[in-house]
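Before any comments, here is the structure.
Within every chain, numbering begins at 1; the chains are lettered A, B, ... in the order of the sequence lines, protein sequences first and strands thereafter.
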There are 2 protein chains.
Amino acid sequence: MTTKLPQLKKDFIESLSQISRFWGFPKGMGAIFAVLYISPTPLSLDEITEQTGLTKGAISTEVRTLARMGLVHRSSKLGDRKDYYEAETDFYTSIRSILKERQNSEFDRALLGVRETLEKLDSGSVSGDDAEVQFIRERVQALQEFFDAIDSLTNAVIKLEKLGISNVAKIISILK
Amino acid sequence: MTTKLPQLKKDFIESLSQISRFWGFPKGMGAIFAVLYISPTPLSLDEITEQTGLTKGAISTEVRTLARMGLVHRSSKLGDRKDYYEAETDFYTSIRSILKERQNSEFDRALLGVRETLEKLDSGSVSGDDAEVQFIRERVQALQEFFDAIDSLTNAVIKLEKLGISNVAKIISILK
DNA sequence: TAGAATGTTTAGTAGTTACTAAACTTAGTA
DNA sequence: TACTAAGTTTAGTAACTACTAAACATTCTA
């Protein structure tokens, strides 16, 4: 039983749309990336419109976000007024810029909030029942250590690029 | 300058609420977990209501989700009809059950979609321009390899529990 | 059995978000 | 200059989500 290429493309686009939505990005963003990712040549805004069914407006704004995250790149041809877009294929590079993009985000400010809570508790500047303060201090500290561990691992992922994917297996075996 | 304990708690709850929202969970879920996490004793539904400002109904449903994810545990006292809830403090245990919970989720089905796309391309059962099929095959394969690498690392995180957080630093240094 | 205490479910709502349609802008061309 | 092609911005909308309020269910106690 054979599958026709257009159908295969549609399925792939649909899968990436779902994955995108799961990570808290618009469904359409995933679709746009998918279309660009499996295109041998850079595509114009109109071509993306055609393959995703989204309107020009939506693509215009979402492609800008994708570019800011480093997941797509914008280029142009001489003597052609159109913009052309292509997908970044190095995902580790993308991850790095996505994380950079997240700097100063609500998320980072929230993490900072926890850190500040811990600092206050550590500096002994919190007034209240001593035993309770101590208890909370230990709990918040454990949480902070967990966050730090996750942070370290995130940085590790970023570094995987240099190591090459093939080495991941080796690292995993070290962990076992 | 001293901070009063109730204010510190409020700030902490607010921080975890934001973090929760960032990860795509309801804000209230983070607040409930925060309240339980910094409580020395298990709390009843009414006590959680009081500290979060949410209604009984909301807490009833959200605490169930938290329990299913392994982030809180429900218990009861003899001769007391109330349910009591306390936070799980081993985050690695929680992560494991969250990931298990995700099994068969929309996300996993989407990942499966990509894998199936690749299998079709590999088995040569896709009809269409040969060069294009080959190009798409390579791209999808690269994406699949990336997903696999992330998956390996996720599993590594889960295993960190056994190693102890302190060893994470050593692992990171290996990666450098 | 009635009443109270606890927890669950359900109908509705306010707020958010991803998107469309269309007005607008900018730049190139006849 | 008017016209066209491309992209952006903006106003509005449909669908979703987290939550509230209140009805409902269950279990214990007088």
(message) Does D:dT9 have its OP1 or OP2 closer than 4.0 Å to a side-chain nitrogen or oxygen of A:Arg64?
(response)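 Yes, because at least one side-chain N or O of A:Arg64 sits under 4.0 Å from OP1 or OP2 of D:dT9.
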Nearest-Å distance for atom pair [atom1]/[atom2], residues [X] and [N]:
{"X": "A:Lys82", "N": "D:dT4", "atom1": "NZ", "atom2": "P", "result": "17 Å"}
{"X": "A:Lys77", "N": "C:dG28", "atom1": "NZ", "atom2": "C1'", "result": "18 Å"}
{"X": "B:Arg68", "N": "C:dT8", "atom1": "CZ", "atom2": "C1'", "result": "15 Å"}
{"X": "A:Leu66", "N": "D:dG7", "atom1": "CG", "atom2": "C1'", "result": "17 Å"}
{"X": "A:Asp80", "N": "C:dA27", "atom1": "CG", "atom2": "P", "result": "16 Å"}
{"X": "B:Ile59", "N": "C:dT9", "atom1": "CD1", "atom2": "P", "result": "15 Å"}

(message) I'd like to check the salt bridge (Lys or Arg N to Asp or Glu O under 4.0 Å) partners of A:Arg115; sequence neighbours left out, ordered by chain and number.
(response)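 Scan of A:Arg115 (salt bridge (Lys or Arg N to Asp or Glu O under 4.0 Å), adjacent residues dropped) gives A:Asp148.
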(message) Could you measure the distance from the CG atom of B:Leu71 to the CG atom of B:Leu36? Nearest 0.5 Å is fine.
(response)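 Result: 10.5 Å between the selected atoms.
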(message) Listing request: all salt bridge (Lys or Arg N to Asp or Glu O under 4.0 Å) pairs with a residue in residues 45-55 of chain B, at least two apart in sequence or in separate chains.
(response)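 Passing the test, one end in residues 45-55 of chain B: no pairs.
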(message) Listing request: all salt bridge (Lys or Arg N to Asp or Glu O under 4.0 Å) pairs with a residue in residues 69-78 of chain A, at least two apart in sequence or in separate chains.
(response)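 Counting only pairs at least two positions apart or across chains, the salt bridge (Lys or Arg N to Asp or Glu O under 4.0 Å) contacts touching residues 69-78 of chain A are A:Arg74-A:Asp83.
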(message) Expected output is a numbered-order residue list: members of residues 31-49 of chain A with a heavy atom under 4.0 Å from any atom of DNA chain C. What is it?
(response)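 Heavy-atom contacts with DNA chain C come from no residue of residues 31-49 of chain A; none.
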(request) With sequence neighbours excluded, tell me which residues meet side-chain contact (heavy atoms from CB on, under 4.5 Å) with A:Gln18. (result)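 Residues passing side-chain contact (heavy atoms from CB on, under 4.5 Å) with A:Gln18: A:Glu14, A:Arg21, B:Ala110.
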(request) Would you please name every residue forming a side-chain contact (heavy atoms from CB on, under 4.5 Å) with A:Phe147, sequence neighbours left out? (result)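 Applying side-chain contact (heavy atoms from CB on, under 4.5 Å) to A:Phe147 gives A:Leu111, A:Val114, A:Leu143, A:Gln144, B:Ile19.
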(request) Go through the steps to decide whether B:Ile13 and B:Thr52 satisfy the test side chain to side chain contact (heavy atoms under 4.5 Å, CB included), and finish with yes or no. (result) CA-CA 8 Å; B:Ile13 293 165; B:Thr52 57; 5.5 Å; no
(message) I'd like to check the side-chain hydrogen bond (donor to acceptor under 3.5 Å, both in side chains) partners of A:Thr41; sequence neighbours left out, ordered by chain and number.
(response)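 Scan of A:Thr41 (side-chain hydrogen bond (donor to acceptor under 3.5 Å, both in side chains), adjacent residues dropped) gives none.
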(request) Enumerate the residue pairs fulfilling ring-ring contact (aromatic ring centres under 6.0 Å, His included) with a member in residues 27-65 of chain B, sequence neighbours excluded, ordered by first and then second residue. (result)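 Listed by first then second residue: B:Phe33-B:Tyr37, B:Tyr37-B:Phe91.
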(request) Quick one: which residue pairs count as a ring-ring contact (aromatic ring centres under 6.0 Å, His included) with a foot in residues 53-85 of chain A, not counting sequence neighbours? (result)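 ring-ring contact (aromatic ring centres under 6.0 Å, His included) check on residues 53-85 of chain A returns no pairs.
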(message) Considering every strand and a 4.0 Å limit on heavy-atom distances, what is the contact class for A:Arg74: base, sugar-phosphate, or nothing?
(response)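 Sugar-phosphate only.
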Only pairs under 3.5 Å count here: list side-chain donor-acceptor contacts from residues 3-10 of chain A, not counting sequence neighbours, and write none if there are none.
{"residue": "A:Gln7", "atom": "NE2", "partner": "A:Asp11", "partner atom": "OD1", "Å": "3.0"}
{"residue": "A:Lys9", "atom": "NZ", "partner": "B:Glu132", "partner atom": "OE2", "Å": "2.8"}

(message) Quick check for you: among D:dT9, C:dT9, C:dG7, whose closest atom lies nearest to any side-chain atom of B:Thr61?
(response)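 The closest nucleotide is C:dT9.
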Enumerate the protein-to-nucleotides 17-22 of chain C contacts in which both atoms are nitrogen or oxygen and the separation is below 3.5 Å.
{"residue": "C:dC19", "atom": "OP1", "partner": "A:Gly28", "partner atom": "N", "Å": "3.1"}
{"residue": "C:dC19", "atom": "OP2", "partner": "A:Glu62", "partner atom": "OE2", "Å": "2.7"}
{"residue": "C:dT20", "atom": "OP1", "partner": "A:Gly53", "partner atom": "O", "Å": "3.4"}
{"residue": "C:dT20", "atom": "OP2", "partner": "A:Thr55", "partner atom": "N", "Å": "3.0"}
{"residue": "C:dT20", "atom": "OP2", "partner": "A:Thr55", "partner atom": "OG1", "Å": "3.0"}

Between N or O atoms, less than 3.5 Å apart, protein on one side and nucleotides 28-30 of chain D on the other: list the pairs.
{"residue": "D:dC28", "atom": "O4'", "partner": "B:Arg81", "partner atom": "NE", "Å": "3.3"}

